[in-house]
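Data first, discussion second: the structure below is written as C-alpha cells.
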Amino acid sequence: MQILDGKLVAQAVKNDLKIKVDALKEKGKKTPHLAAVLVGNNGASETYVASKVKTCVEIGYQSTLIRFDADVEEHVLLQKIQELNADDNIDGILVQLPLPKQVAEEKVITTIAAEKDVDGFHPANIGKMIQGQPAYIPATPYGILLLLEHYKIETKGKHAVVIGRSNIVGRPISILLSQNTPTGNCTVTLCHSHTRNLEAICLQADIIVAALGKPEFLTADMVKEGAIVIDVGITRVEDKTKKKGYAIKGDVHFETVAPKCSYITPVPGGVGAMTIAALMQNTYLAATQ
Ligand code: GUN
C-alpha cells in the first residue's frame with residue numbers, strides 16, 4: 001500500500017508556480033491576482049478561504065479577500081462580482097460555497113466572467129471541459145488528476161466508481177476519468193443516494209473516488225484487494241479530545257481500508273491539499289493566458 005501524499009505533490013506544484021511567478025516579477029510583469037469572496041462565517045469556509053489566501057502569499061500572488069455578512073442581499077453580491085469582472089487588476093475570482101439561502105448559487109456562478117472563473121464552475125467552463133476543450137477544471141477534480149499523474153497511476157481500462165454526484169466533485173471527476181486522456185480512459189460508474197447495491201458495485205472497482213461527505217462511509221468490506229482509493233471527504237466531527245473541539249474525517253474508514261489498497265489518499269494531507277494547489281494553477285493560467 002502506498003500513500004498518495006497530497007501535501008508533498010501540492011508543495012511541488014506550488015514550488016513550480018513560485019518559480020514562474022518570480023520570473024514574471026523579474027520581467028516586470030504583473031503577478032497573478034486572486035479575489036476571494038466569503039459570505040458569512042461558516043467555520044469550514046473561513047478555514048478554506050484563509051488557506052487559499054495564505055497560499056497566494058506563499059507563491060507570490062496578489063490576493064484580495066472580500067467579506068460579506070451572512071444576510072447580504074443577492075444583488076449586492078452580484079454587483080461586487082461585476083466590479084471584479086471589470087477590474088483588469090483581478091485575474092481570478094472565487095466565491096466560496098455554500099452560500100446563504102437568500103442568494104442563488106447558480107446566479108452567482110454565472111455572473112463570474114468565465115475567463116476569471118478559476119473554480120471552473122461556470123457553465124461555459126463545464127461545457128468546454130465536457131467537450132475536452134481547454135477550460136478551467138474545478139479544483140478538487142483537477143487536484144485528483146494531478147495526484148494520479150504525479151504517481152504515474154495507470155487509469156486506462158480501469159473501472160472507476162465515483163460515489164457522489166455534486167457539481168463540484170463527483171460529476172466532473174466522473175467525466176474527466178472517462179475522457180481519452182493520460183489520466184482518463186476509465187469505465188466510470190457514478191453512484192449516488194439512490195444507487196442500489198452500492199457495496200457490490202464498489203467491490204468491482206479498481207478505483208474508488210469517495211465524494212459523498214459522510215465520514216468513514218467506505219468500509220473495508222466494500223473495497224477489493226489492490227484498489228486505488230481517493231478520499232475527497234473533509235467533515236468536521238466533534239471530538240472533545242482535540243484542542244479545536246473537532247477532528248477532520250474523510251469519507252473512507254482509513255484504518256481498515258488502507259491495508260487492502262494499492263494506493264490511498266489520507267485525510268488530511270491528501271485531496272484537500274491538492275485542491276488549493278490546483279486552484280493556484282488555474283489562477284496562474286487566468287493571469288497569463
Ligand atoms: N466549497 C467547497 N469546495 C469549494 C471549492 O472548490 N470552491 C468554492 N468556491 N467553494 C467550495
Side-chain angles (χ1 to χ4, degrees), residues 6 10 13 34-56 61 63-68 70 72 77-78 80-81 84-85 90-101 103-114 116-126 129 135-147 162 164-173 175-176 209-215 230-236 248-251 265 267-268 270-283 285-286:
V13 172
L34 176 69
V37 180
L38 177 61
V39 182
N41 41 23
N42 173 293
S45 292
E46 294 255 6
T47 307
Y48 297 147
V49 171
S51 262
K52 290 170 186 179
V53 170
K54 183 170 154 257
T55 309
C56 283
Y61 291 179
S63 67
T64 300
L65 172 60
I66 300 138
R67 300 193 66 134
F68 289 100
V72 66
L77 190 53
L78 296 181
K80 182 43 118 183
I81 293 170
L84 295 170
N85 285 343
I90 303 285
D91 301 298
I93 304 169
L94 78 85
V95 179
Q96 190 65 26
L97 305 179
L99 290 167
K101 282 188 201 73
V103 180
E105 238 165 60
E106 199 186 298
K107 268 197 206 164
V108 168
I109 289 168
T110 51
T111 300
I112 298 172
K116 294 192 179 185
D117 167 42
V118 285
D119 259 329
F121 295 161
H122 191 287
N125 281 312
I126 302 280
M129 180 204 75
Y136 296 115
I137 298 171
T140 301
Y142 188 18
I144 294 171
L145 298 188
L146 291 172
L147 208 49
V162 177
R165 56 181 161 184
S166 71
N167 286 338
I168 294 181
V169 186
R171 202 179 304 278
I173 193 68
I175 292 162
L176 291 160
V209 180
L212 70 161
K214 284 196 181 167
I230 309 291
D231 188 350
V232 180
I234 18 177
T235 308
R236 292 180 176 196
I248 300 289
K249 294 279 179 202
D251 288 351
T265 62
V267 176
V271 173
M274 290 306 299
T275 295
I276 297 187
L279 173 72
M280 295 298 132
Q281 184 87 43
N282 279 345
T283 305
L285 274 181

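Residues take their numbers from the sequence shown, with the count starting at 1. When a ligand or atom number is given, it counts from 1 through the structure's own listing order. Worth saying up front: this structure is predicted, and the values here are computed from it rather than measured.
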With a 4.5 Å limit on heavy-atom distance, are the side chains of L279 and L34 in contact? yes

I want to check something: taking the side chain as every heavy atom from C-beta on, are K116 and H122 in contact at a cut-off of under 4.5 Å?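 Side chain of K116 against side chain of H122, heavy atoms only: no contact under 4.5 Å found.
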
Please report which non-hydrogen protein atom sits nearest to atom 11 (C) of ligand 1, along with the residue it belongs to and the distance in Å to one decimal place. Q96 NE2, 3.3 Å

Please list the nearest protein heavy atom to atom 1 (N) of ligand 1 with its residue and the distance rounded to 0.1 Å.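 Protein heavy atom with the smallest distance to atom 1 (N) of ligand 1: L97 O, 2.9 Å.
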
For A139, is at least one N or O under 3.5 Å away from an N or O on ligand 1?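 In this structure, A139 places no N or O atom under 3.5 Å from an N or O of ligand 1.
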
Straight-line distance of I112 CD1 to L84 CG, nearest 0.5 Å: 9.0 Å

Hey, is [X] touching ligand 1 through its side chain, its backbone, both or neither, going by heavy atoms under 4.0 Å?
X    : result
D119 : side chain
V95  : backbone
Y48  : neither

Ignoring hydrogens and angles, tell me if any N or O in the side chain of N282 forms a donor-acceptor pair with the backbone of I137 under 3.5 Å.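 It does hold such a pair.
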
Verify, without hydrogens or angle tests, whether N125 (side chain) and A114 (backbone) share a donor-acceptor contact under 3.5 angstrom.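 Here the side-chain-to-backbone pair exists.
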
